[in-house]
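Keep in mind that the numbers below use all heavy atoms, side chains included, and drop hydrogens, waters and symmetry copies.
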Amino acid sequence: MTHRRDCPLIRLNVLVCAPCPVRAPDARVTNSAGVWHNTWNNYLGTPVCIPPCVYSKDRDPCSHSLVRLEQEIQSLSLLCSNKQESKMNPRLTQSQQRTICAQLGRVKLKLLYKASIHGFTGAAFHQRCDNRSPTVSVGYNNSGFVFGGYTKQPFSQSGQYMNDDQAFLFTFNAENLIKYPVASTAHAVRMMAHNGPYFGEALVLLNGSQAVAHTNPGKYYNFPAAEMHGNDLNLTECEVYQVEESTELERPWRTVTWESKKRTELTESIKSYKPTVSSVTQPRVLLIGPVGAGKSSFFNSVNSVFRGHVTSQAISGSSSTSLTTQFRTYSVKAGREGKPLPIILCDTMGLEETKGAGLDIDDLGSILKGHLPDCYQFNPSAPLHPEAHGYRTSPGLKDKIHCVAYVIDASKVSIMPTGLEEKLDAIRRKVNLIGIPQLVLLTKVDEACPLVKEDVRNVYKSGYIKDVMQEVGSRLGVPLSCVVPVKNYSEELELDMNCDILLLSAVIQMLRFVDNYFDELSDRMSNMQTKD
């Protein structure tokens with residue numbers, strides 16, 4: 001027998017080919033050979049080579065060798081199982097999945113079992129699907145029909161009928177779903193060990209552990225056989241999906257254009273921005289937030305967008321204490337040697353829950369009023385005093401903060417410590433007294449929601465992210481319209497257009513809030529002149 005070079009069992013020959021001089025032959029090898037052979041065929045999808053000693057009557061291995069062989073098979077089985085999971089792609093189209101989900105509420109489908117990978121047998125089906133619910137089972141035939149059934153009951157091998165008043169069978173006509181509700185709810189599904197999904201006696205997939213279906217219209221479900229499957233009962237594929245709750249909304253609750261043209265439009269809008277007050281050419285936006293929320297990373301990300309590649313000018317990373325220990329004012333440039341953009345992002349020490357750690361609230365007043373010089377070294381145990389080096393005794397309008405952005409980690413909003421929330425509330429009150437507009441940058445939205453991690457364009461289709469935005473708005477005392485989600489660059493090496501659009505949109509909101517600040521300032525001055 002010739003071994004294939006890619007055979008995963010070839011390295012097992014040394015374990016079994018030489019008969020043991022002490023132990024008697026073990027008949028389990030001969031009896032199990034076909035099982036192992038079939039198992040590997042199912043795992044790999046191609047014929048595999050069993051070592052010749054497995055089939056040889058003259059060279060039976062001993063039990064000791066057999067145990068070692070079984071251990072190797074279990075190890076390789078795990079590797080192949082992981083490999084097949086990565087290749088398990090749904091055959092149902094996205095459109096068909098959405099159509100089915102529309103019948104079931106705000107849900108999504110997760111593929112549990114695929115016969116072409118796991119095997120066209122009842123055993124393989126039950127191994128993957130028992131105790132899972134609700135489920136959608138789907139059969140495919142060569143005639144192009146896609147048909148199946150839904151049940152809320154978990155599969156088992158009890159042999160009993162299960163009651164399900166929500167069960168139904170279905171078929172697709174193009175992209176349209178034709179639904180056949182259960183006629184006898186007490187016989188909606190039957191839990192048979194040697195078959196696949198068993199809907200009453202009306203539809204059985206993998207009948208008798210074969211790649212065929214069995215149908216009996218009128219037996220607990222009513223449907224025309226020709227309409228359901230075209231009288232073609234040979235299955236080319238069988239799949240079972242688990243129905244899971246989904247946070248995805250039917251449509252985005254904020255409108256965003258995810259196109260390169262929009263990215264260019266936002267970029268140009270920021271470059272050409274001019275404050276309404278001539279004495280200020282670069283309005284200042286102060287970034288405030290807990291340690292690790294992504295303040296410095298936000299500047300790095302915005303800077304990356306305008307540089308054309310991922311950069312890391314500001315110190316950022318993961319730490320239990322703030323990596324930012326100085327007050328920094330960062331000017332973003334349009335390109336490597338381009339002109340500074342009309343905005344300055346001011347970075348501060350991170351907020352910490354305990355007193356005497358992180359940004360001191362007393363320092364905040366000096367920052368907001370423009371007294372702090374760039375590169376001022378924070379000292380949490382002692383607030384800034386007027387004698388400090390570089391202290392501005394008479395700051396101008398251009399030195400002051402014109403907008404405050406709270407940077408909050410989306411994955412930690414619900415577990416925000418009380419001490420931290422109290423600090424943020426004190427800061428908000430102080431900022432309100434001075435009359436500076438405030439917004440919230442909700443970072444790490446991809447880490448907080450799998451739907452967004454899959455595609456950042458789902459950020460406004462995620463019901464979960466919307467709930468988090470509402471919660472953080474409530475905790476910080478700002479309306480939902482002042483909460484903006486972003487995804488900073490943290491592990492990427494190249495820019496992503498969709499991330500850029502979120503980042504640029506956040507900067508645009510900052511500039512709009514800056515305009516609000518200058519408008520309010522102008523109104524105050526006008527009122528004062530009127531009184532005089």
For a quick check under 3.5 Å, do Tyr489 and Asp500 share a side-chain donor-acceptor pair by atom type? yes
Please determine, by modelled atom types, if Asn488 and Thr443 share a side-chain donor-acceptor pair under 3.5 angstrom. no
Geometric class of the Phe155/Phe125 ring pair [parallel <30°, tilted 30-60°, perpendicular >60°]: perpendicular
Between [Y] and [X], is there a side-chain heavy-atom distance shorter than 4.5 Å?
{"X": "Ile178", "Y": "Phe147", "result": "no"}
{"X": "Val256", "Y": "Tyr460", "result": "yes"}
{"X": "Tyr517", "Y": "Cys403", "result": "no"}
{"X": "Leu451", "Y": "Tyr464", "result": "no"}

Which distance, rounded to the nearest 0.5 Å, do you find between the [atom1] of [X] and the [atom2] of [Y]?
{"X": "His309", "Y": "Glu492", "atom1": "NE2", "atom2": "CD", "answer": "15.0 Å"}
{"X": "Asp523", "Y": "Phe518", "atom1": "CG", "atom2": "CZ", "answer": "13.5 Å"}
{"X": "Met88", "Y": "His118", "atom1": "CE", "atom2": "NE2", "answer": "5.0 Å"}
{"X": "Leu397", "Y": "Ser279", "atom1": "CG", "atom2": "OG", "answer": "4.5 Å"}
{"X": "Lys295", "Y": "Leu286", "atom1": "NZ", "atom2": "CG", "answer": "9.0 Å"}
{"X": "Arg263", "Y": "Leu504", "atom1": "CZ", "atom2": "CG", "answer": "6.5 Å"}

Tell me, please, which residues at least two apart from [X] pass salt bridge (charged side-chain N to carboxylate O under 4.0 Å, His left out).
{"X": "Asp455", "value": "Arg457"}
{"X": "Lys271", "value": "Glu268"}
{"X": "Lys444", "value": "Asp409"}
{"X": "Glu175", "value": "none"}

Using modelled atom types only, decide if a donor and an acceptor are shared between the side chain of [X] and the backbone of [Y] within a distance under 3.5 Å.
{"X": "Arg128", "Y": "Leu112", "result": "yes"}
{"X": "Gln282", "Y": "Ser331", "result": "no"}
{"X": "Ser304", "Y": "Thr311", "result": "yes"}
{"X": "Gln470", "Y": "Leu480", "result": "no"}

Which atom pairs, one a donor and one an acceptor, fall under 3.5 Å between side chains of residues 163-172 and the rest of the protein, sequence neighbours left out?
residue, atom, partner, partner atom, Å
Asp164, OD1, Gln166, N, 2.9
Asp164, OD1, Ala167, N, 3.3
Asp164, OD2, Thr151, OG1, 2.7
Asp164, OD2, Lys152, N, 2.8
Asp165, OD1, Lys152, NZ, 3.2
Thr171, OG1, Val146, O, 3.3
Thr171, OG1, Met228, O, 2.7

Go through the structure and list residues passing side-chain contact (heavy atoms from CB on, under 4.5 Å) with Met162, not counting sequence neighbours. Gln153, Val189, Met191
Does Arg428 form a salt bridge (charged side-chain N to carboxylate O under 4.0 Å, His left out) with Asp425? I'd like the steps, not just the answer. CA-CA 5 Å; Arg428 181 179 60 84; Asp425 183 61; 2.7 Å; yes
Under-4.0 Å salt bridge between Arg475 and Glu471: yes
